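Notes follow once the structure below has been shown.
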Amino acid sequence: MEYLFALNEQQREAVTYGEGPLLVLAGAGSGKTRVITYRCAYLIEGMGVDPDRLLAVTFTNKAAGEMRQRMERLLGENSLTGVPLISTFHSLCVRILRRHIEHLAAGFTRDFSIYDDDDQQRVIRQCMRDLAIDERQVTPRYVSALISHAKNHAADALAYLSEGQHARDLRRSALAAIYPEYAKRLRASNALDFDDLLIKTVILLRDQAEVRAHYAGRFHYLLVDEYQDTNRPQFNLIRLLTDQYQNLCVVGDPDQSIYRFRGADIQNIIEFESHYPAARVITLDLNYRSSQRILQVANAVIRNNRQRKEKSLRTENAVGQLISYYHAPTGEDEARFVVRGIETSLRQESEARIAVLYRTNAQSRLFEEECRRAGISFNMVGGFSFYKRAEIRDILAYLKLALNNWDDESLLRIINAPSRGIGKKTIDQLIEAARGRGISLWEALALLLAERMLGARSLHPMAEFQAMIAALNERAREASVSQMVRAAMEETGYAQALRDKKTTDLNPEESEGRLQNLEELLTAAVEAEERRESLREFIDHAALVSDADDYDPDAHVTLMTMHSAKGLEFPSVCLVGLEEGLFPHARAAGDPDEMEEERRLCYVAITRAQQQLFLSHARVRRVRGTEAPAEPSRFLQEIPEELLADVSQAGSWLSESRRGMGRTDLTRSEYDRPEVFNKPRRPFAGKTYNSVAGIRAFLDSKGVKAPSSDEAPEIRAYKTSTKHRFTPGMRVRHQEYGQGVVIGREGAGEMVKLTVRFPGIGDKKMIEKFAELKRE
DNA sequence: ACATGTCCGTTTTTT
DNA sequence: ACGGACATGT
């Protein structure tokens, strides 16, 4: 156990802590994964715990895989013991449910299908159509988000949603109607959505003492990674599993909680000590990853959050380089500059590893194109992942239907793919027959055929379809995974249709690409077979892989969202699109909690960097086709200027602010560059404005697009915010006096005087320009 | 039944 | 700018 010497004091304490609840508050880069893996090793080797009594839970397969690898390396050297079970929350639940779901007495069988969010949206869309709810008033997307929210926050989702009926909110009352219909269909299809996987497992363990005893008795020690991102069902699951031994070790960092939008509850980690009064708390705040300057930036930003446990990362690493800062004229220029920088780095350092991190997937396109143009190969995470492609989903739908005949969604997906002459009318007839009798589409199909209720034209294709699925179903008893995938491709005519299309269609590349994807699926099936996985496991895996799972740790250049970067590290990180409305995203405006979540995301992104951090934003960005001027992100304003090295070509927002011109002003020379402000300028022909603020003032004076008075004050303030523009009512922070509220504003231009009321101190008058106020 | 054309929303993050 | 959903034509 000489490896214990490779740990610092806090890490060692966490690793060797014995029985009972343990909370490890692990700041970014403080050796979190190391603590978990070493702790497992220590429990096994030092305390003689049987590896089968250990369970480690993570959020992504990527994290689980990495942990498994590190543990194998650690244990493999010294002993012959096995490796403990390392699983994601969702795959753990699938394992449990595939064995015991029939105990639930809710009608599900162990052959249940998993509906991913795409399937989910399709079901919701159908429900809405049946209930005659206009998709333009309530989008399926919104519905699914609210259903998920209800399921994750309330014991009784329907009751929760029904409360909305009393409120006169149209969308809410629509939801109260949609939800029961949605739940009914899933049940009838013997299908569970992602939320159900957790919730049904919790119900199963809660209500079935025998099943609970089995699992709680099996796992004597439970370790949970990224605990700050757990939601309520996950919290309940953990409680149920640790109910017997209370040997729970959770590791996380409240400052890195970035999944509130999908139900993560930061209170789980903040309140851990009250949930487990016997808990020991160990804080890891020594960072091994980043340079001092990078950590200074991270600390400076996260400090602006109010709801947090005070903590400041420190490091013994070198001071490091200044943070590069670039202000690009347009989004395209930003991408060009970043990729050029990457090119240079790759030339200098052949082993370089650089990540480009953005807020939204839509931003990836510019960087993809620029990399391609420059001939730089890159690894892009997310976006159009392999298992989301239509042809892959189609083949999987065949297999899902073969294993679960009640799976209406899969049936609808492939009944006419490839087109075999079963049209809308026939499908409607099928749906109608099923609805009237309360049976599945598959059963209705048999009925229509038996009763000769079909038109002459659709009879044949329908009969063939039935025979085909029946044959596939029959074959699933003995065939191997790859044989099944091959059968779903060939015996359904799917692959042949693509080959035909390739020879007749005007763009054969598309069909060829799809065929190649199918070959890739076949390869994956062979690999699954070698791992001795069943067809069911293969299909489950396809549903549960996350975008982050196609991250390649050896890639020199990686493009991904800030969210998927969590848990990773890179020598160089480029944080792009640092603009108000984009990052922080406009959706967070007016909601302080969401704004804090955006800031935590910023903190996560910054702390991915080891040696080099590069920050950029554009002056003009094209969003959804039209160009719009963009203001620097508030997060940039929160970074002390002395940490930044401005590498912008023309005058930048930063250089202007240093010259005291106000950070959002444009210089004359930039304004004259035609490509920079072409679009916004046109409406103001005959008069020149040299700043975004100036244009706004003009608009305001004309009453055009002026912020309307019925907007909430926070939203109005958000829209007009610049560093040097404070208006009465605004909450601000002063270096010396602390938090206060602006109560008066007088004067104009450079000489604006503000009156600010500081609780407990009194009213102060100050000149806006020199006051160094920050918005709260 | 299927191909072609037009319109509209879409983009926040994801197991 | 792009893709999906719907309408129209063959």
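Chain letters run A, B, ... following the sequence lines, proteins first, then strands; residues in each count from 1. Both backbone and side-chain heavy atoms feed into the values below; hydrogens, waters and symmetry mates do not. Just so it is clear, the model here is predicted, and its values are computed rather than measured.
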Treating [X] as the side-chain partner and [Y] as the backbone partner, does any N or O pair qualify as donor plus acceptor under 3.5 Å?
{"X": "A/Gln120", "Y": "A/Tyr115", "value": "no"}
{"X": "A/Glu409", "Y": "A/Arg122", "value": "no"}
{"X": "A/Asp407", "Y": "A/Ser410", "value": "yes"}
{"X": "A/Arg359", "Y": "A/Leu582", "value": "no"}

Centroid distance under 5.5 Å and plane angle under 30°, A/Tyr259 vs B/dT13: no
Is the distance from OP1 or OP2 of [N] to the nearest side-chain N or O of [X] less than 4.0 Å?
{"X": "A/Asn361", "N": "B/dT14", "value": "yes"}
{"X": "A/Ser458", "N": "B/dA1", "value": "no"}
{"X": "A/Ser564", "N": "B/dT13", "value": "no"}
{"X": "A/Asn416", "N": "B/dC2", "value": "yes"}

All side-chain hydrogen bond (donor to acceptor under 3.5 Å, both in side chains) counterparts of A/Glu369, not counting sequence neighbours: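 side-chain hydrogen bond (donor to acceptor under 3.5 Å, both in side chains) list for A/Glu369, sorted by chain: A/Arg365.
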Side chain A/Arg359 and base B/dT13 donor-acceptor under 3.5 Å: yes
Out of B/dT14, B/dA1, B/dT12, whichever nucleotide has its closest atom nearest the side chain of A/Arg457: B/dA1
Of all pairs that satisfy salt bridge (Lys or Arg N to Asp or Glu O under 4.0 Å), the ones with a partner from residues 139-153 of chain A, not counting sequence neighbours: A/Lys151-A/Asp193, A/Lys151-A/Asp196
Which residue lies more 5' along DNA chain B, comparing A/Ile422 with A/Phe89 via nearest heavy atoms: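 The residue whose closest nucleotide sits nearer the 5' end is A/Ile422.
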Comparing A/Leu198 and A/Glu598 on DNA chain B - which has the more 5′ nearest nucleotide: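 Result: A/Glu598.
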Where protein sits on nucleotides 5-11 of chain B, one letter per nucleotide: B base, S sugar-phosphate only, - none, heavy atoms under 4.0 Å: ----SBB
Round to a whole Å and report the spacing from [atom1] of [X] to [atom2] of [N].
{"X": "A/Asn152", "N": "B/dT15", "atom1": "CG", "atom2": "P", "value": "15 Å"}
{"X": "A/Asp225", "N": "B/dT15", "atom1": "CG", "atom2": "C1'", "value": "14 Å"}
{"X": "A/Tyr387", "N": "B/dT15", "atom1": "OH", "atom2": "P", "value": "14 Å"}
{"X": "A/Glu597", "N": "B/dT14", "atom1": "CD", "atom2": "P", "value": "12 Å"}
{"X": "A/Phe235", "N": "B/dT15", "atom1": "CZ", "atom2": "P", "value": "24 Å"}
{"X": "A/Arg95", "N": "B/dT15", "atom1": "CZ", "atom2": "C1'", "value": "17 Å"}
{"X": "A/Lys424", "N": "C/dT8", "atom1": "NZ", "atom2": "C1'", "value": "15 Å"}
{"X": "A/Leu601", "N": "B/dT12", "atom1": "CG", "atom2": "C1'", "value": "10 Å"}

Classify [X] by what it touches in the nucleic acid, base, sugar-phosphate, or nothing, heavy-atom distance under 4.0 Å.
{"X": "A/Arg125", "value": "sugar-phosphate"}
{"X": "A/Phe194", "value": "base"}
{"X": "A/Ser419", "value": "sugar-phosphate"}

A/His100/A/Tyr215 aromatic ring centres below 6.0 Å: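 That pair passes the under 6.0 Å test.
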Within-4.5 Å side-chain heavy-atom neighbours: A/Glu569 and A/Arg608: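 Contact flag for A/Glu569/A/Arg608 side chains = no.
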